[in-house]
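Counting starts at 1 for both ligands and their atoms, in listed order.
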Amino acid sequence: MAFRAVFLGPPGAGKGTQAARLVEDREPLHVSTGDMLREHKANGTELGKRAVEYMDHGKLVPDDLIIAMVEDRLSGGILAQGSWILDGFPRTLPQAEALDQSVGSALTHVIFFRVPQEALVERLSGRWTCSSCGAIWHEKFKPTTERGKCDACGGSLRQREDDRPEAVRKRLEVYTAQTEPLLDYYGEKGILTEVDANRSPEDVYSSLIQELSKE
Ligand code: AP5
């Protein structure tokens, strides 16, 4: 099963959770623009310093910065072979057009993770992320054995700045205004598939695999 997919969905839909499971299971290349930006922020790079103002307030980082970062990451033809997933990119029409320019018709699936808004707020407010290995946990839906400590590596858990209530509200607004139009964009291209992501992570994963297995 080879796939070259975009994961699309609102904040908290479970894109990162499903991507981590898929990477463990099928080892595709996983490119997450959110993770890349958080790494730039942690390393204090020029890009990280510019991006943080947008990220912490729930706004999108400007297209020119994101497109340059992704093009740099994808340089050297790393998408030419094997399976890959782009998680959190594209999320505006200019980003989708830039992706078309670089991968052409190589994209096989755009998976839309559908979750109602009330569930998203609960997921984001209870999310904890490991500061060492990046594993994603949830105080209610995926608790760790010991509070504040990662089950995978023992690292300490932290809450993301952009999971504060005001930032979450902004992110949901921004998603509706700027990212949702991509559903029509990819729908018209005939590569959009919807997964009901308001179920257990295991059920969501089964549907995801089923969809990615389709030619
Ligand atoms: P990014 O990191 O991409 O955030 P996001 O898209 O808002 O998505 P999240 O990471 O919040 O959620 P997710 O869908 O991965 O859910 P998760 O699996 O963690 O972007 C962050 C910021 O960076 C943006 O706001 C922007 O500023 C900037 N940025 C990034 N890309 C950009 C771009 N292309 N252009 C411009 N700016 C960009 O799950 C959430 C929680 O729910 C977890 O606790 C998890 O355990 C739990 N959970 C998961 N699945 C389930 C389930 N089935 N049932 C119950 N709980 C579940």
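Ion pairing between a basic and an acidic side chain is recognised when a charged N comes within 4.0 Å of a carboxylate O; Arg164 and Glu161 show such pairing.
Annotation for Leu120: hydrophobic cluster partners, listed by chain and number, are Val115, Val121, Leu124, Val168, Leu172 (ILVMFWY side-chain heavy atoms under 4.5 Å, direct or chained).
Residue Val204 has no N or O atom closer than 3.5 Å to an N or O atom of ligand 1. Every N/O-N/O distance between Trp128 and ligand 1 stays at or above 3.5 Å. Of the N or O atoms in Gly16, one or more lie within a sub-3.5 Å distance of an N or O in ligand 1. Between Asp162 and ligand 1, no pair of N/O atoms sits closer than 3.5 Å. Taking any N or O of Gly14, backbone or side chain, at least one lies under 3.5 Å from an N or O belonging to ligand 1. Of the N or O atoms in Thr17, one or more lie within a sub-3.5 Å distance of an N or O in ligand 1. Note: no N/O pair closer than 3.5 Å links Pro11 and ligand 1 by distance alone. Considering backbone and side-chain atoms alike, Gly88 places an N or O below 3.5 Å from some N or O of ligand 1. When only interatomic distances are considered, the shortest N/O to N/O separation between Gly12 and ligand 1 falls below 3.5 Å. Inclusion of Arg127 in the set of residues having an N or O under 3.5 Å from an N or O of ligand 1 is warranted.
Of the protein's non-hydrogen atoms, the one nearest atom 54 (N) of ligand 1 is Arg123 NH2, 3.4 Å. Nearest protein heavy-atom contact of atom 13 (P) of ligand 1 is Lys15 N, 3.5 Å. Protein heavy atom in closest approach to atom 43 (C) of ligand 1: Ile136 CG2, 3.5 Å.
Atoms of ligand 1 lying under 4.0 Å from at least one heavy atom of Phe141, given by number and element, are 55 (C), 56 (N). Atoms of ligand 1 lying under 4.0 Å from at least one heavy atom of Ser200, given by number and element, are 53 (N). Close approach of ligand 1 to Trp137 is summarised as follows: ligand atoms under 4.0 Å from at least one heavy atom of the residue are 43 (C), 44 (O), 46 (O). Residue contact check: Ala13 has heavy atoms under 4.0 Å from atoms 14 (O), 16 (O) of ligand 1. Atoms of ligand 1 lying under 4.0 Å from at least one heavy atom of Arg171, given by number and element, are 4 (O), 5 (P), 7 (O), 9 (P), 11 (O). The distance from ligand 1 to the heavy atoms of Arg38 drops below 4.0 Å at these ligand atoms: 2 (O), 21 (C).
In Lys149, the NZ atom is not crowded: 12 or fewer heavy atoms of neighbouring residues, nucleotides or ligands sit closer than 6.0 Å.
Leu192 approaches Leu183 most closely through the heavy-atom pair CD2-O, 3.4 Å.
Atom CD1 of Ile209 is separated from atom CZ of Phe3 by 6.5 Å, given to the nearest 0.5 angstrom.
Contacts between Phe113 and ligand 1, counted as non-hydrogen atom pairs separated by less than 4.0 Å, are absent for every part of the residue. Neither the backbone nor the side chain of Pro90 has a heavy atom within less than 4.0 Å of ligand 1. For Arg160, every heavy-atom contact with ligand 1 shorter than 4.0 Å involves the side chain, none the backbone. Using a 4.0 Å cut-off between heavy atoms, Ile66 contacts ligand 1 through its side chain alone, with no backbone atom that close. Contacts with ligand 1 closer than 4.0 Å are made by heavy atoms of both the backbone and the side chain of Val61. Using a 4.0 Å cut-off between heavy atoms, Lys59 contacts ligand 1 through its backbone alone, with no side-chain atom that close. With a heavy-atom cut-off of 4.0 Å, Leu124 touches ligand 1 through its side chain alone.
Looking at Arg91, its side chain never comes within 3.5 Å of a backbone N or O of Gln178 through a donor-acceptor pair. A donor-acceptor pair under 3.5 Å is formed between the side chain of Gln159 and the backbone N or O of Ser125. Counting only distance, with no hydrogens or angles, the side chain of Glu180 and the backbone of Tyr175 share no donor-acceptor pair below 3.5 Å. Within the 3.5 Å criterion, the main-chain N or O of Pro11 finds no donor-acceptor partner in the side chain of Arg171. The closest donor-acceptor contact from the side chain of Thr108 to the backbone of Arg4 lies under 3.5 Å. His40 contributes no side-chain N or O that, together with a main-chain N or O of Ala51, makes up a donor-acceptor pair within less than 3.5 Å.
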Exercise. Can you check side-chain hydrogen bond (donor to acceptor under 3.5 Å, both in side chains) on Arg199 and Ser207, steps first, answer last?
Worked result: CA-CA 10 Å; Arg199 296 173 297 154; Ser207 300; 2.7 Å; yes
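The closest heavy-atom contact to atom 23 (O) of ligand 1, among the options Leu60, Leu37, Thr33, comes from Leu37. Which of Lys170, His57, Gln178, Arg91 comes nearest to atom 25 (O) of ligand 1 through a heavy atom is settled by distance: it is Arg91. Heavy-atom proximity to atom 53 (N) of ligand 1, evaluated over Lys140, Arg199, Gln95, Met55, is greatest for Arg199.
Leu107 is listed as a side-chain neighbour of Tyr186, based on a closest heavy-atom distance under 4.5 Å. A 4.5 Å side-chain heavy-atom check between Trp128 and Ser156 finds every atom pair outside the cut-off. Residues Arg127 and Arg160 are in side-chain contact: their nearest non-hydrogen atoms beyond the backbone lie under 4.5 Å apart. Taking the side chain as every heavy atom from C-beta outward, Thr17 and Phe113 never approach each other to under 4.5 Å. Two residues are said to be in side-chain contact when any heavy atoms from C-beta on lie closer than 4.5 Å; Ile67 and Gln95 meet this criterion.
Not close to ligand 1: Gly58, with no non-hydrogen atom less than 4.0 angstrom away.
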